[in-house]
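Model, not experiment: these values are computed from the prediction. Numbered from 1 within each chain, the chains take letters A, B, ... in sequence-line order.
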Amino acid sequence: MPNTKIGDKKLPVVMRLAPYPSGALHIGNARMIVLNDEYVKKYKGKLILCFDDTIGATKQMLEESPEKAKFVLPDAYDLILEGLKWLNVDYDRNNIIYKSDRVDIYKDYAEKFIQEGNAYVCTCSADEFRNKYKNRAKECPCRNISIEDHIKRWEKMLNGNYGEGDAVVRLKTGMDQKDPAVRDQVIMRISDAEHPRIGNKTRVWPLLDFSWGIDDHELGITHIIRGADLQKEGFIENFIWDLMGWSKPEIFLYGRLNFSSEFKLSKTHARVCIQNGEYDGWDDPRTWSLQSLKARGIQPESLRETLLDLGLSKSGINFSEKWLYAKNTKLIDESANRYWFVENPILLEISGLAESKYVSNPLLNPNNEDLGTREIILIADNGKAGVYISKNDIKVQMNRKGNKIRYPKMAPGYEFRLKDLFTVKIDKINLEQNKLKASFLTNEFDVSIRKIQWVPANNYIKVKVLKPDGIQTNGFAEKNVKELSIGEKIQFERYGYVKIRRLDDDIVYCYFTH
RNA sequence: GCUCCCAUAGUCUAAUCGGUUAAUGAUAAUGGAUUCUCAUCUCAUAGAUCCGGGUUCAAAUCCCGGUGGGAGUACCA
């Protein structure tokens, strides 16, 4: 944990989580959650959960481009609570706040601001205001009409005489601000969209800056940790606090998290993909939601620590999921039993066998021998037997990290060990027909030889593994896998950790953890 | 364009209010030991203060300039 000034003050620490309920929390949102939770725990403070469920889009935007529009998804409230529970976040469960319950408060303040001449109702269109006034640092004509007229305009906003986009309330931060981003910011605007919690109870909604300017004070927030993309909001909030003469919470900003281009981190994007059937649901690994991480077998502690390691740095971070995986491996390795799985199976016909039955008893977990062994039996007939091995081991000269392996490429004459069984020598490779021929060489074990996992050709179970990219890969696993239970985290040797997802009679479905 | 923020190894983080040869940090890389998994565990190696000025006895740290990157400039959050 980085050291900060948080907690130096005598006052008790009160912080808040402000998720927008448009979908399940994802790994990016989790940073905000974990950071807040951790500091509150450190200073024995209080954490308030406040759903930032203002309306988001206008009705018009929802109708025109629903795939881009931001709106409150009813299911998201529970999805978020589920994510917080999984992450073991200590928020005040007896006092969950919903912004949508507080619209009257914002309206009252807005009216007060107007009455005191600190805000005004502007009827300029967004484009007009930007081009004619904001970019030129000039005041729009609305700004200087009388307060009485502004009150009348305000009433027209409330009662429906103005339509969406016809009028907004602007805070008089000043058109001469050096930073064009903060010139007379909009604080209230009209949306006729229906809200899942309060329906059409109100049509005038606050914007984030304003609602938090009020609520951070009303809720007694002492410290705020949020992304640097919200720096402008900090300015507006400070402006409001100064105006009201309120004491100021301390704001800490952290920098942007960049994820690799393969995954799109967006609740709205995930929602669209789920709705159109491209994704399975909120636990689809491509959402990178907390639900999906849980499903995959990521431990919440792994995520917490990984995110906490980044600290409160303001610089942009190129996040690597490998950090998360490395931590998780340390956490689950000791309890993950080992099994054999061959991806892209290819048949290996072995000849020259003297026995009719071979029994292999590999350890369930070499790091914990007390767990015992499992049994894999290979039956030979007429000196011959078949096993499946992975084609990857023949074609690809890489380990699972993507680094080159030391062993030479498989070719006729190549000797290798069927793990915990015996050593064979390749006679023939026929990739087109998906077949290999080999002959028995010896039972004796040589440490330096290459070991390959295998499954008996006449006794295996089909397995489908769902990878983080959403692609399902097929293979065969030893029959013992069929006896496992759903949710169990295991390791497919030399392949990766997986979590059992579903067990059918003839197929086992797994999530690929890492 | 304007405003603001950031800058230490490949990627990230440390480095008490400026103070000895910049971490025994994480991850990734390389090599070794262990292992019937090139997995895990373990040991070791290699790897950095963006550039240029200034202040100072002393600068990764403070100041100025440059360069690079990012964010904001929404009637989203």
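Contact annotation for A:Arg256: backbone-only contact, meaning every heavy-atom pair under 4.0 Å involves sugar-phosphate atoms and none involves a base. Within 4.0 Å (heavy atoms only), A:Lys178 reaches sugar-phosphate atoms of the nucleic acid but no base atom. Counting any heavy atom pair closer than 4.0 Å across all strands shown, A:Val168 reaches a base atom. Looking at heavy-atom distances under 4.0 Å, A:Asp52 makes contact with sugar-phosphate atoms alone, never a base. At the heavy-atom level, A:Phe319 lies nowhere under 4.0 Å from the strands shown.
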Name the atoms and distances for all side-chain donor-acceptor pairs under 3.5 Å in residues 64-77 of chain A, with sequence neighbours left out.
unit_1: A:Glu64; atom_1: OE2; unit_2: A:Gln60; atom_2: NE2; d: 3.1
unit_1: A:Tyr77; atom_1: OH; unit_2: A:Asp53; atom_2: OD2; d: 2.5

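Between A:Phe113 and A:Phe210, the distance separating the two ring centers is shorter than 6.0 angstrom. Ring-centre distance between A:Phe476 and A:Phe341: not below the 6.0 Å cut-off.
Ion pairing between a basic and an acidic side chain is recognised when a charged N comes within 4.0 Å of a carboxylate O; A:Lys156 and A:Asp166 show no such pairing.
Taking the six-membered ring where the residue is Trp, A:Tyr414 and A:Phe416 present tilted rings, their angle falling between 30° and 60°.
Residue ring and nucleobase are stacked for A:Phe445 and B:C36, with a centre distance beneath 5.5 angstrom and an angle between planes beneath 30°.
Counting only Watson-Crick and G-U wobble pairs whose two distances sit under 3.5 Å, RNA chain B takes part in these stems of three or more pairs: B:1-7 with B:67-73, B:10-12 with B:25-27, B:29-32 with B:42-45, B:50-54 with B:62-66.
The listed nucleotides are B:A74, B:A29, B:A77; the one nearest the side chain of A:Lys401 is B:A29. Counting only heavy atoms from C-beta on, A:Tyr497 has its side chain closest to B:A39 among B:A29, B:A77, B:A39.
Applying the salt bridge (Lys or Arg N to Asp or Glu O under 4.0 Å) criterion to A:Arg417, with sequence neighbours excluded, gives no partner residue.
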